[in-house]
Amino acid sequence: MKCHENLIKIEGAVDQWAVEYDKSDGATAVWGELVAKTLYLKKTPRCRGGGDYPTTFEVGVTPTCTYTTPAWFDTQGDKYKHKVPDAAD
């Protein structure tokens with residue numbers, strides 16, 4: 001799965017967790033609250049490019065990946081960014 005797809009799933013899992021537990025913006029969740037066979041994610045996502053996701057997620061804040069595309073590789077103008085796409089994308 002692509003990194004940005006993982007980030008979208010993580011963001012959705014945090015949002016679902018927040019609704020279920022009546023949490024507001026600024027509340028934090030950790031992997032153990034999001035990942036299990038009966039929770040929001042069945043397994044911990046991994047960035048295929050080798051980047052890392054945070055271990056704590058804040059409600060209302062878009063998750064990120066630490067992967068940085070090498071300048072020589074990105075010939076399509078940010079095509080390979082590891083981030084959640086903007087709504088306009």
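Hydrogens, waters and symmetry mates play no part in the numbers below; they use all other heavy atoms, side chains included. By convention here, the first residue in the shown sequence is residue 1. Worth saying up front: this structure is predicted, and the values here are computed from it rather than measured.
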Apply the test side chain to side chain contact (heavy atoms under 4.5 Å, CB included) to residues Tyr53 and Cys47: give CA-CA distance (whole Å), side-chain angles for both, the deciding distance (0.1 Å), then the verdict.
CA-CA 8 Å; Tyr53 303 124; Cys47 172; 3.7 Å; yes

| task | Please report the closest heavy-atom contact between Gly26 and Glu58, naming both atoms and the distance. | result |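 Smallest interatomic distance, heavy atoms only, reads CA-OE2, 3.5 Å.
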
Quick check: closest heavy atoms across Leu41 and Ala13, and the distance to 0.1 Å?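 Where Leu41 meets Ala13 most closely, the heavy atoms are CG-CB, 3.8 Å.
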
Original post:
Are Tyr40 and Glu20 close enough that a side-chain donor and a side-chain acceptor fall under 3.5 Å?
Top reply: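 There is such a pair between these side chains.
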
Exam field: side chain [X] to backbone [Y], donor-acceptor pair closer than 3.5 Å:
X     : Y     : value
Asn6  : Arg46 : yes
Trp17 : Thr28 : no
Thr56 : Val30 : no
Lys37 : Lys42 : no

- Do the side chains of Glu11 and Leu7 get nearer than 4.5 Å, heavy atoms only?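 Heavy-atom side-chain distance check fails, nothing below 4.5 Å.
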
- Find out whether Leu39 and Leu34 are in side-chain contact, i.e. whether some heavy atom of one side chain is under 4.5 Å from a heavy atom of the other.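 Of all side-chain heavy-atom pairs linking Leu34 with Leu39, none is under 4.5 Å.
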
Can you measure from CH2 (Trp31) to CD1 (Ile10) and round to the nearest 0.5 angstrom?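 With rounding to 0.5 Å, CH2 (Trp31) is 3.5 Å from CD1 (Ile10).
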
Spatial distance of atom OG1 (Thr62) from atom CZ (Phe57) [nearest 0.5 Å] =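 Between Thr62 OG1 and Phe57 CZ, I get 12.0 Å after rounding to 0.5 Å.
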
